[in-house]
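A note on names: the letters A, B, ... follow the listed sequences, proteins ahead of strands, and every chain is numbered from 1.
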Amino acid sequence: MSEKNKKRSSEKVNNTPIDSRREFLKRFGLVGAAGAMGTAAIYTGYKFEKKKGKDEYVTVLTDDNKLVKVPKDQVQEVKLDKKALQTRGRIGLERRRFVMVIDLAKCQNARKCISSCQEAHQLRPHEYHINTLKMQDTPNTAPYYMPKPCQHCDNPPCVSVCPVDATFKRQDGIVLIDNQRCIGCRFCMAACPYSARMFHWQEPMLTDEINKKSLQYEELLNKGEGNTSLAQQLKQEITYDVERNTPQKKGTISKCLFSADKLRVGQLPSCVSACPNGVFYFGDENEDAVTNGTSKETVKLSALLKENAGYRLMEELGTKPRIYYLPPKNRLFDLPESESTSQNIHV
Amino acid sequence: MSKHIHSFNPNDPKVAKIADDVLRPVGFNSRFHAWMGFLSIILVACLYAYYIQLKEGLIVTGLRDYVSWGMYIANFVFFVATSLVGMLVTAVLGLIGYEWQKPIARIAELIAVAFAAIAGLVIVMDMGRPERLANVFIHGRVQSPILWDVTVVTTYLVISLLLYLLPLIPDLAISKGRLKNPPQWMYKLYDVFSFNWTHHPEQFNILFKAVRILMILVIPTAFAIHTVTSWLFAVTPRSGWDSTILGPYFLSGAFVAGSAALIIAMFFFRNSYKLKDYIRLSHFDKMGKLLNLTALVYFYFNINEYLVPAYKMKTADAIHLNELFTGHYAALFWTAQILGLIIPMILLLLPKMRKPLPITIIAVFVLLGSWFKRYVIVIPTMAHPYLPQQEVPVEWIVYKPTLIESAVTLGALVLAVMIISVLAKLFPVIPIWEVAEQKEEESK
Ligand code: SF4
Ligand code: SF4
């Protein structure tokens, strides 16, 4: 929908007499109305504001900051089951363009980004969403460390080749995977020039634990205790959340997700906040602002890139990454030992 | 295919003689049962290997995050490649107007059907979640070359099957009364699949038209199936695959592999089915020339594919080519190129080498070379991504196919051989009426 149309349609809704709006909502239901207003993201926990004396209507704050009135009996709380999570996970956050900046001058290979990521996404120590590589571009230039997550390409070869739309690009720039749909053909791995993807060759680390929890949850359900906080917690842990890609699944792909689940609730990605050395900046291109995960300082994205000669990896491939690197100049630490690691390990 | 059959008499003694010769090996004798028993034992072992893979995951293969496509995908390419011989022999030679290949055309179609059918299975064996295969139809996205591949492989299989079955109709009508003590079901099968054929000229007319249309259709389909298969690689930005000539390169290689497979099959049927009068020396001679021609074209594409990047030695290409020419994959690469392509090309220039036994031995080398060539097309490229491979166990970097993986791969081959064996015992492998007609014309 063009900006103009969007405006027009939202005006229309705002000006419609309440009765006809009620008709409208009756016909299409809450989600339909939300779609018409261009806020398909109504799934995302909306807030209710009850007006005293006017019980019949509630005011709902949509994701794009519009207040709309909805007849009370039409309101259904959207249950965040797997389906709902998948649906909202595919849509992404409106009007955001997430971007990451990695300052190579600061990276000392602390590997905290890696471990926090692996914990959040239930991965083994050699299963990487993000890996820090020791790089040396030419024999005469100094080596440096380079954290390498998925580049969330704007022209992602992995997404083009996926036969079932199991890996997809969202409007906020994030490339996600749906492991409930992935057929495990690994075409995306072949297509990704950054080796950013991993595959679950075996049962993921927590499979047994998750299975146990499922049993436990079922038991609670059978006992009629499905609403206890324990049961709810179990349910959350065993329900597949596409924005975290957990529980992980054997025979499917996983990769960096920019912690889409955390972004939804306004937090920084795991790696960004875990880094002790201030390597990562994360933010929104639309706002031209990125926040450093360590110092929590927010800076202007364009200025940061300009002043530090930011660049993207393998620009020549046309993948248009959403990750910028700042060159490893004026390093604040000892150089890693020089060795020729810029290419492949020869065994 | 001649269009001038005015009368065809299935009881003509000449036809009867051909029919008797060709039908002698038909039927499931004890030797066949022993052969199938042998194949089945191997197949059961291979299926068990696949069962382990299903249970444990692809961890039981040598595949890991860097080399994530390996032997299975190489085998898939090989199967698709080999199946193209059906189109080459039946359609290309047929439409040009050649007649000599008619007695061996059905064998070529047999190979096409068996290998195309199993190619689909090989891909499923490679999938991490084979039970979700239906997703390809439910959620299929047209921009993925896998979708194109599924579509064209299926189309090719259907057309090849028709090209196998349609010319069989008159043969089944001729044969149905001549089978010696056929089991009831076999007689029924012949009866049903001969579709009330009466050898009426009008029926022949329709058959010719139908086959001709199929021959025209199968050419673009076959080109598409292998070109699309090459695009599975060529659409990725990896060195070694990122090539604009990968389509014709694959296609020309396919004809080499397919011709070799056909020669081996011809040799086998000629000897064990005692068909020396039908699969003649001249067929081997001509197939030898055809193989040499296809090899020459393939050689030409090889030069383009390797020499041009080797001249420039761009960083990533240089790593790839060094690995192939002098590195880890050099032995395989040079064996495939020299023993599987160059030496056969030279030998086949000599008429002596185009006799059944020598040419079959050469064909075995060519076929094996083709398989290993697919292996060095797929694996080295995966083993050398752009960014360094670090902080993973060594076995995650160096690809070594496991026993289980090899067994599953072998299983695919066994299945293909089984399909060919059964069909070759069920129906005559030499087209009776076409050969009769050919003889008729020769004697005129
Ligand atoms: S880095 Fe690789 S996995 Fe990530 S979006 Fe780009 S191509 Fe896809
Ligand atoms: S492995 Fe999964 S995500 Fe990757 S291309 Fe295949 S179906 Fe898509």
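- Listed here is the closest heavy atom pair of Cys185(A) and Asp126(B): O-OD2, 4.0 Å.
- With sequence neighbours left out, Glu131(B) forms a salt bridge (charged side-chain N to carboxylate O under 4.0 Å, His left out) with Arg129(B).
- When each of Pro157(A), Ala190(A), Gly184(A) is checked for heavy-atom pairs under 4.5 Å with chain B, Ala190(A) comes out on top.
- Contact annotation for Arg238(B): only side-chain heavy atoms (C-beta onward) come within less than 4.5 Å of a heavy atom of chain A.
- Proximity to chain B is limited to the backbone of Ser160(A), based on heavy atoms less than 4.5 angstrom apart.
- For chain B, the nearby parts of Asp165(A) are the backbone and the side chain; heavy atoms of each come within less than 4.5 Å.
- Both the backbone and the side chain of Val136(B) come within contact range of chain A, with heavy atoms under 4.5 Å apart.
- Atom OH of Tyr311(A) has more than 12 heavy atoms from other residues, nucleotides or ligands within 6.0 Å.
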| Asp65(B) and Tyr128(A): CA distance, side-chain angles, deciding distance, side chain to side chain contact (heavy atoms under 4.5 Å, CB included) verdict | CA-CA 10 Å; Asp65(B) 284 351; Tyr128(A) 297 109; over 6 Å; no
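- With hydrogens and angles ignored, the 3.5 Å screen pairs no side-chain donor or acceptor of Arg132(B) with any backbone N or O of Ile183(A).
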| task | Give the intermediate values and the outcome of side chain to side chain contact (heavy atoms under 4.5 Å, CB included) for residues Gln389(B) and Leu133(A). | result | CA-CA 8 Å; Gln389(B) 305 160 305; Leu133(A) 306 173; over 6 Å; no
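- Between the side chain of Lys250(A) and the backbone N or O of Gly128(B), no donor-acceptor pair lies under 3.5 Å.
- The neighbour count for Tyr325(A) OH, taken as heavy atoms of other residues, nucleotides or ligands under 6.0 Å away, is above 12.
- Comparing Thr252(A), Val161(A), Leu313(A) by heavy-atom pairs within less than 4.5 Å of chain B, the highest count is held by Val161(A).
- Atoms OG1 and CZ, on Thr236(B) and Phe187(A) in that order, are 7.5 Å from each other to the nearest 0.5 Å.
- In this structure, chain A has no heavy atom under 4.5 Å from any part of Ile123(B).
- Within a 6.0 Å radius of CD in Gln143(B), more than 12 heavy atoms belonging to other residues, nucleotides or ligands are found.
- Interatomic distance, CD of Glu203(A) versus CD1 of Ile59(B), reported as 11.0 Å (0.5 Å rounding).
- Proximity to chain A (any heavy atom under 4.5 Å) is shown, for Met127(B), by both the backbone and the side chain.
- Inter-residue side-chain proximity for Met146(A) and Leu387(B) is flagged as met; some heavy-atom pair is nearer than 4.5 Å.
- The candidate with the highest count of non-hydrogen atom pairs below 4.5 Å against chain A, out of Leu63(B), Val60(B), Thr61(B), Ile138(B), is Leu63(B).
- Trp201(A) contributes no side-chain N or O that, together with a main-chain N or O of Glu56(B), makes up a donor-acceptor pair within less than 3.5 Å.
- Rounding to the nearest 0.5 Å gives a distance of 9.0 Å between CE of Met189(A) and OH of Tyr66(B).
- In His328(B), the NE2 atom is not crowded: 12 or fewer heavy atoms of neighbouring residues, nucleotides or ligands sit closer than 6.0 Å.
- Contacts of Asn179(A) with chain B are made by backbone atoms alone, with heavy-atom separations under 4.5 Å and no side-chain atom involved.
- Around OH of Tyr306(B), the count of heavy atoms belonging to other residues, nucleotides or ligands within 6.0 Å exceeds 12.
- Here Trp396(B) contributes atom CH2 and His126(A) contributes atom NE2; the two are 4.0 Å apart, rounded to the nearest 0.5 Å.
- When all heavy atoms are compared, the tightest approach of Pro163(A) to Leu147(B) is O-CD2, 3.6 Å.
- Atom OH of Tyr48(B) is surrounded by 12 or fewer heavy atoms from other residues, nucleotides or ligands within 6.0 Å.
- Of the atoms belonging to Leu232(B), heavy atoms from both backbone and side chain fall under 4.5 Å from chain A.
- Distance alone, capped at 3.5 Å, is enough to place a donor-acceptor pair between the Asn135(B) side chain and the Arg181(A) backbone.
- Here the straight-line distance linking atom CZ of Arg64(B) with atom CZ of Phe199(A) works out to 11.0 Å at 0.5 Å rounding.
- Within the 4.5 angstrom heavy-atom criterion, no atom of Cys158(A) approaches chain B.
- Rounding to the nearest 0.5 angstrom, the gap separating the CD atom in Gln390(B) from the NZ atom in Lys148(A) is 9.5 Å.
- Using a 4.5 Å cut-off between heavy atoms, Arg124(A) does not touch chain B at all.
- In terms of heavy atoms, Arg141(B) sits closest to Cys162(A) at NH1-O, 3.0 Å.
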